[in-house]
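Throughout, protein chains are lettered first and strands after them, A, B, ... in sequence-line order, and every chain is numbered starting at 1. Scope of the values below: all heavy atoms of this structure, side chains included, with no hydrogens, waters or symmetry mates.
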Number of protein chains: 2
Amino acid sequence: MEGKKLITIKEIAKILNVSPSTVSRALKGHPSISGITTERVQKIAKENNFVLNKSAIFFNQKRSYTLGLIVPNLSEPFFSTALNAIEKVASAQNYNIMIGQSHDHVETEMTVLQKFIDHRVDGIIVSISKQHKFFQPYTDLEKLNIPVVFFDCVPEDKYLHYVASNLHTGLLKGINALVAQRHFKIALINGPVNLSATRQRLIGYIKGLNEHHIPVRSDLMKTTDLSPAGNIAAMNSLIELSDPPSAIIVFNDNVLLDCFSLIKSKGLVDQFKFISFANQPDWKYYDHKPFGSIEQFPAEQGKIAAEVLMKLINGELHHLQSDHKYYQFNLDSEIIYLND
Amino acid sequence: MEGKKLITIKEIAKILNVSPSTVSRALKGHPSISGITTERVQKIAKENNFVLNKSAIFFNQKRSYTLGLIVPNLSEPFFSTALNAIEKVASAQNYNIMIGQSHDHVETEMTVLQKFIDHRVDGIIVSISKQHKFFQPYTDLEKLNIPVVFFDCVPEDKYLHYVASNLHTGLLKGINALVAQRHFKIALINGPVNLSATRQRLIGYIKGLNEHHIPVRSDLMKTTDLSPAGNIAAMNSLIELSDPPSAIIVFNDNVLLDCFSLIKSKGLVDQFKFISFANQPDWKYYDHKPFGSIEQFPAEQGKIAAEVLMKLINGELHHLQSDHKYYQFNLDSEIIYLND
DNA sequence: GTGAAAGCGCTAACAT
DNA sequence: ATGTTAGCGCTTTCAC
């Protein structure tokens, strides 16, 4: 696969006995080059399959026209949807996307990050891996002059750009709807405690109950490590309560599917109403659906993140208020009713 | 975001009054540099947040250490699974992956391809978009010295490298199993005629019936444009047959889900047995499953494609038989029984 | 309208 | 053990 070398501007110049600069200009139709020369150059270029070595240009311009995207896992629809939106924005500005999956592994995430730095990506969009608290490496990027925008799962820090989803809005509406249907025993199956997503759900849950003057019962609050076994165990402990809930708010769709499996096998399907945070299924094809699903608009998040990043790269983000030098956007979530 | 420029080897050299080559060597711990010099260099480097500009190195070496991956849509689990496998192989050799989704659009695919060429990716892995027959652009890559490996959806041409899945093996086993259960009226809901995937399914279907001396009935052969409406229409036309099938082979899981919707709404769920080509769901969470699912091993395909590509890039593919200069691999599919 | 020269950051061959 | 030189392919002043 080595062999044939691609022809360069210099070589074309030699062939035509003109200077490289002339060729360079002719190639891009610069007005100061005579029509005849331009034609001759372009003819030779075509004949020899000439392709501009953009890699040389990138190097020259100190721009790679590449965005790095780090997400836990692209097989989650949430992220592939976000990717689509990001790709769209990037393409429009002739940017390419380099991807790296962390698989929710901090070390992998750091390896990917290093590779992106090596490649001199012009900017990075990242949804940090769950369990990740230590984001020093990202703030260090400022020294390298690489802008970063976080989305979805964002670190709790004031000194960075991010786009996140505000879970409260959707969750509150969901709780309101449940209460309107006279559900007062509302449980929560939450995720691992060290996730900010978990904390947010918890806060929303408590706030929602408070608004309706429903006392918070600690026996109705469970957590799961997100493994199928963990999910089922959490659900099971709710079922076995002497005073079980009638409605349950679940960390996400994956967890919910396991809950469904359990209650189906126990013949308890109609016993509970569920609200879940959308991250996966196309519920249309399922027989059992949650009562409501809290949508976090991955496409919107991805789009905004990419747009902000592009502006950062292009140095167009002056219009920020001086007192919040960082672009921080909280998109409202929304509840979608799938059942009644 | 402009401001600070990163320090370069030259600058470090100036600071320490040594030559750039010394710095370059010291930075990578070259043995011929004295311990003391090495230390001094590395100290300065650290203090100034020095980062090797790999982009310069890439340019120099004429290698970008980047693979381009073109697929229709990463939100299909089939492709994200393949991506995972490809990423693994690439990472191991310090390669990055640039992705481009064609969304089954030939023009988009060509745009992406051009960008990849611009970026001087070292190699490309592609699952061409459905409907794509015209792959001249890919064979042209040979002139640019960029190796390409196709996978999954491969053009029907002898002069290229590919990894594909041989549908026949799985399909035949599936038909055997159906016949063993005394299903003789086996229908086929196939995809758009211009897809090679469609042709392959058709061939397998006819071959399977022939082996069991089952006459091929043209009224049992339907096609869909893969839209939900098209899927439902195809299924419906089978239902309405005066002599309807008892088993149906379906183009893929997406189509099947629509078929299920229809027969559920008509109360005909137990009327038909289905065999589908796996591309989507985790059936574990569904109440209605197909009888069997033909697995095409995206991870395997991706892995092999990436390995072949890396070998091609590294010029290690001499061991090919001289008479098949192209690496062509047909992975057997397998049927997985989900129901009985 | 065209050319000459310098430089982007780094490496490697060839000195010393 | 370290320095010198040239060069990767292109662009961009600055001349002419």
Report which part of the nucleic acid N53(A) touches: base, sugar-phosphate, or nothing (heavy-atom distance under 4.0 Å, all strands).
-> sugar-phosphate

Can you tell me the distance, in whole Å, between the NZ atom of K10(B) and the C1' atom of dT11(C)?
-> 13 Å

F59(A) side chain, from C-beta outward: closest of dC10(C), dC8(C), dG3(C) = dC8(C)

E39(A)/K43(A) ion pair, N-O < 4.0 Å | no

Send over the distance from K28(B) NZ to dA12(C) C1', rounded to a whole Å.
-> 10 Å

Please work out whether the ring planes of Y159(A) and Y326(A) are parallel, tilted or perpendicular, with thresholds of 30° and 60°.
-> perpendicular

Euclidean distance, atom CD of residue E11(B) to atom C1' of dC10(C) [Å, nearest integer] | 13 Å

R63(A) atom CZ is separated from dG9(C) atom C1', nearest whole Å, by 19 Å

Please work out if S21(A) contacts a base, only the sugar-phosphate, or nothing of the nucleic acid, heavy-atom cut-off 4.0 Å.
-> base

For the residue pair Y327(A) and Y162(A), is the inter-centroid distance of their aromatic rings smaller than 6.0 Å?
-> no

Is E307(A) paired with K303(A) through a side-chain N to carboxylate O contact shorter than 4.0 Å?
-> yes

Atom NZ of K115(B): over 12 foreign heavy atoms under 6.0 Å = yes

Touch check for F58(B), heavy atoms < 4.0 angstrom, all strands: base, sugar-phosphate only, or nothing?
-> nothing

May I have the distance from L52(B) (atom CG) to dC8(C) (atom C1'), rounded to whole angstrom?
-> 15 Å

Rounded to whole Å, CZ of R25(A) lies from P of dT2(C) at a distance of 9 Å

Aromatic rings F151(B) and F79(B): how do their planes relate, parallel, tilted or perpendicular, breaks at 30° and 60°?
-> perpendicular

Measure the distance from CG on N145(A) to P on dC8(C) and round it to the nearest whole Å.
-> 17 Å

Can you tell me how far CG of L67(A) sits from CE of M98(B), rounded to the nearest 0.5 angstrom?
-> 9.5 Å

DNA chain C-proximal residues of residues 34-48 of chain B, any heavy atom under 4.0 Å | none

In terms of the nearest nucleotide of DNA chain D, which residue is placed more toward the 5' end: S24(A) or H30(B)?
-> H30(B)

DNA chain D: 5'-most and 3'-most nucleotides touching chain A, 4.0 angstrom heavy-atom criterion | dC8(D) to dT13(D)

Given side chains that start at C-beta, do those of T22(A) and T37(A) come closer than 4.5 Å, heavy atoms only?
-> yes

Rounded to the nearest 0.5 Å, how far apart are CG of N49(A) and CG of D140(B)?
-> 7.5 Å

Would you please confirm or rule out a distance under 4.0 Å between OP1 or OP2 of dG9(C) and any side-chain N or O of K54(B)?
-> no

Could you state the CG-C1' distance from N60(B) to dA13(C), rounded to the nearest angstrom?
-> 13 Å

